[in-house]
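These notes are about the structure you will find just below.
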2 protein chains.
Amino acid sequence: MDTEKVLDIAMTAYWQTDPADVSVNAITQMAGISKPSLYRAFGSEDGLSRAVLDRYAEQVLSEMFLILHGGKGLRRTLDALIDFASGDPRMETGCLFYKMRAGKHRLGPDTLARVEEIDAAAQAAYVAFLQAARNAGEWPDGLSVEAGAKYLGEQIALAITQRASGEDPARIREMLTLALSVFTRP
Amino acid sequence: MDTEKVLDIAMTAYWQTDPADVSVNAITQMAGISKPSLYRAFGSEDGLSRAVLDRYAEQVLSEMFLILHGGKGLRRTLDALIDFASGDPRMETGCLFYKMRAGKHRLGPDTLARVEEIDAAAQAAYVAFLQAARNAGEWPDGLSVEAGAKYLGEQIALAITQRASGEDPARIREMLTLALSVFTRP
DNA sequence: GGCTTAAAGTACCAAATGGTAACAAAATGA
DNA sequence: TCATTTTGTTACCATTTGGTACTTTAAGCC
């Protein structure tokens, strides 16, 4: 039994629809393995989804952190974020992390803990990014860095979630650009 | 068997958590009725949730349409929307309609149709509101009315959804105000 | 070969899901 | 008063859920 392969299949399935709509039975079937094999490898459904989330974080989410830590300045970083959220083909069916976060109460304890950990890390990354922009004088006062970070994070989550529901990418880009224009107002 | 009472109980249950997390069994239990009684009254789970949504629309959603059709001008209407989304105690656990819309694929055909109907009506109301504002010269060009309407609707949905996840109302108000400030920019 | 040990698979479990057939109780009509 | 229709309940159905005890297969190793 190839653990990596199973994780990939599970990740794709969770990602394409929603973790809550993919049963353990379905995954074993798609992976062509027996249920006890899967339980021996991951312990429980919670263990599996947690492992999937770990994989997703290092394979996909890392890219978002890279953009934030790129040190490219306010405008160019925001543009990169807009490109990623509204244009990247990998986000065509939404973001697995945001799907999990939206269905928090349906997750097992381990996966939930990981979701909150990632959420906190993302918030911290947004804060660091905006703080740097403020220090560089690129971003006007009047809004706390924390509030701005939360706002930025939620707008990106909204944009990606809309992609999952089949909204026109051009429209999503337009709306996200509008939402983030508050950071670059004259 | 009091149909209205059952609808109220179901509405509250669906609303407080999520339609997908409340089973027919749970509702019959809460309402103190037997399952066949419920099925005779509503036909199916889909019939029940559709009836609940109807009730919710006329009891709760109507208020949002009232605000939009109030004809109070851009600024005051936006303020009323912000108050409603981030302050109204009834939205403390989120909006049943948005919860259903977020979990579209889990709904039965009748309920789904009703959700899309309401969604279209809301979009039309936002369009009419913004068109009136533009005609009155209260809102600058540069963004199509349709795009603005979608943006406005999604921002309000986002704010109310955040309330369901326990976010601080003051913070939500701050973010929503920021998001909607694009409509009243000098 | 023969023996041991780890991996995999078969076949099950109890609980919960949406939904219904069959039957008893009560209201309604003539 | 008697027959009929409505209302409600009990007890079930098949299917799916997450999870596991038990048996079979395969790989090492001497």
Side-chain angles (χ1 to χ4, degrees), chain A residues 1-54 96 99-100 103-115, chain B residues 1-54 96 99-100 103-115:
Chain A
M1 193 200 102
D2 187 350
T3 305
E4 306 271 302
K5 189 186 124 198
V6 172
L7 276 178
D8 270 340
I9 289 173
M11 183 171 88
T12 304
Y14 283 155
W15 193 353
Q16 218 124 28
T17 67
D18 190 302
D21 297 320
V22 181
S23 68
V24 180
N25 292 310
I27 290 172
T28 58
Q29 204 167 326
M30 288 183 284
I33 59 169
S34 73
K35 218 191 305 191
S37 298
L38 191 146
Y39 275 89
R40 238 170 267 128
F42 302 105
S44 65
E45 184 174 36
D46 190 19
L48 171 64
S49 61
R50 196 220 137 100
V52 167
L53 177 54
D54 280 344
L96 177 55
K99 287 183 178 184
M100 284 184 168
K104 261 188 182 184
H105 56 282
R106 282 185 269 254
L107 300 176
D110 285 11
T111 311
L112 175 59
R114 194 74 234 277
V115 163
Chain B
M1 194 198 102
D2 187 352
T3 305
E4 306 271 301
K5 190 186 123 198
V6 173
L7 276 178
D8 269 340
I9 288 174
M11 183 171 88
T12 304
Y14 283 156
W15 193 353
Q16 217 124 32
T17 66
D18 191 303
D21 296 322
V22 180
S23 70
V24 179
N25 293 310
I27 289 173
T28 59
Q29 203 168 325
M30 288 184 282
I33 60 169
S34 72
K35 220 193 300 192
S37 298
L38 190 145
Y39 273 89
R40 256 194 286 273
F42 302 104
S44 65
E45 184 175 37
D46 190 19
L48 170 64
S49 61
R50 196 220 136 99
V52 166
L53 178 54
D54 280 343
L96 176 55
K99 286 183 179 184
M100 283 184 169
K104 263 187 179 183
H105 57 281
R106 281 184 270 253
L107 299 176
D110 286 11
T111 311
L112 175 60
R114 193 76 234 277
V115 162

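As the structure is a prediction and not an experimental result, all values here were calculated from the model.
- With values rounded to the nearest 0.5 angstrom, B/His105 atom NE2 is found 6.5 Å from A/Thr17 atom OG1.
- Using a 4.5 Å heavy-atom cutoff, the side chains of A/Leu48 and A/Val52 are in contact.
- For the OP1/OP2 pair of C/dT17 and a distance below 4.0 Å, the side-chain nitrogens and oxygens of B/Ser23 include at least one atom meeting the criterion.
- Among the atoms of the strands shown, base atoms are found under 4.0 Å from some heavy atom of B/Ser37.
- Annotation: side-chain hydrogen bond (donor to acceptor under 3.5 Å, both in side chains) contacts of A/Ser34 (sequence neighbours excluded): A/Ser37.
- Whole-Å rounding puts the B/Ile27 CD1 to C/dT17 P distance at 11 Å.
- Minimum heavy-atom separation, B/Ser44 to B/Tyr39: CA-CE2, 3.8 Å.
- By the 4.5 Å heavy-atom criterion applied to side chains, B/Tyr14 and B/Leu53 are not counted as neighbours.
- Listed by residue number, there are no residues of residues 103-114 of chain B with a heavy-atom contact under 4.0 Å to DNA chain C.
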Taking N or O atoms only and anything under 3.5 Å, show me the protein contacts with nucleotides 19-23 of chain C, one pair per line.
{"from": "C/dG19", "atom 1": "OP2", "to": "B/Tyr39", "atom 2": "OH", "distance (Å)": "2.7"}
{"from": "C/dG19", "atom 1": "OP2", "to": "B/Glu45", "atom 2": "N", "distance (Å)": "3.0"}
{"from": "C/dG19", "atom 1": "N7", "to": "B/Lys35", "atom 2": "NZ", "distance (Å)": "3.0"}
{"from": "C/dG19", "atom 1": "O6", "to": "B/Lys35", "atom 2": "NZ", "distance (Å)": "2.6"}

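- The closest donor-acceptor contact from the side chain of B/Lys99 to the backbone of B/Ala20 lies at 3.5 Å or more, if one exists at all.
- On the nucleic acid side, DNA chain D contacts chain B at distances under 4.0 Å to non-hydrogen atoms, with the end points of that region at D/dG8 to D/dT10.
- For B/Lys5, there are no salt bridge (charged side-chain N to carboxylate O under 4.0 Å, His left out) partners, not counting sequence neighbours.
- Residues meeting the salt bridge (charged side-chain N to carboxylate O under 4.0 Å, His left out) test with A/Asp21, sequence neighbours left out: B/Arg106.
- In terms of heavy-atom proximity, A/Ile9 sits nearest to A/Ala31 at CD1-CA, 3.7 Å.
- Distance, B/Gln29 CD to C/dT17 C1': 14 Å, rounded to whole Å.
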**Complete:** Secondary structure of DNA chain C per the Watson-Crick/G-U criterion (both distances under 3.5 Å; [ ] crossing, | other strand, . unpaired) is |||||||||||||||||||||||.|||.||
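- With sequence neighbours excluded, the residues forming a side chain to side chain contact (heavy atoms under 4.5 Å, CB included) with B/Leu107 are B/Met100, B/Thr111, B/Leu112, B/Val115, listed by chain and number.
- The salt bridge (Lys or Arg N to Asp or Glu O under 4.0 Å) analysis of residues 22-51 of chain B, with sequence neighbours excluded, yields the pairs B/Arg50-B/Asp54.
- Two residues, A/Asp2 and B/Val22, neighbour DNA chain C, and the one matched to the more 5' nucleotide by heavy-atom proximity is A/Asp2.
- Of all non-hydrogen atoms in B/Val22 and B/Ala13, the two that sit nearest each other are CG2-O, 3.7 Å.
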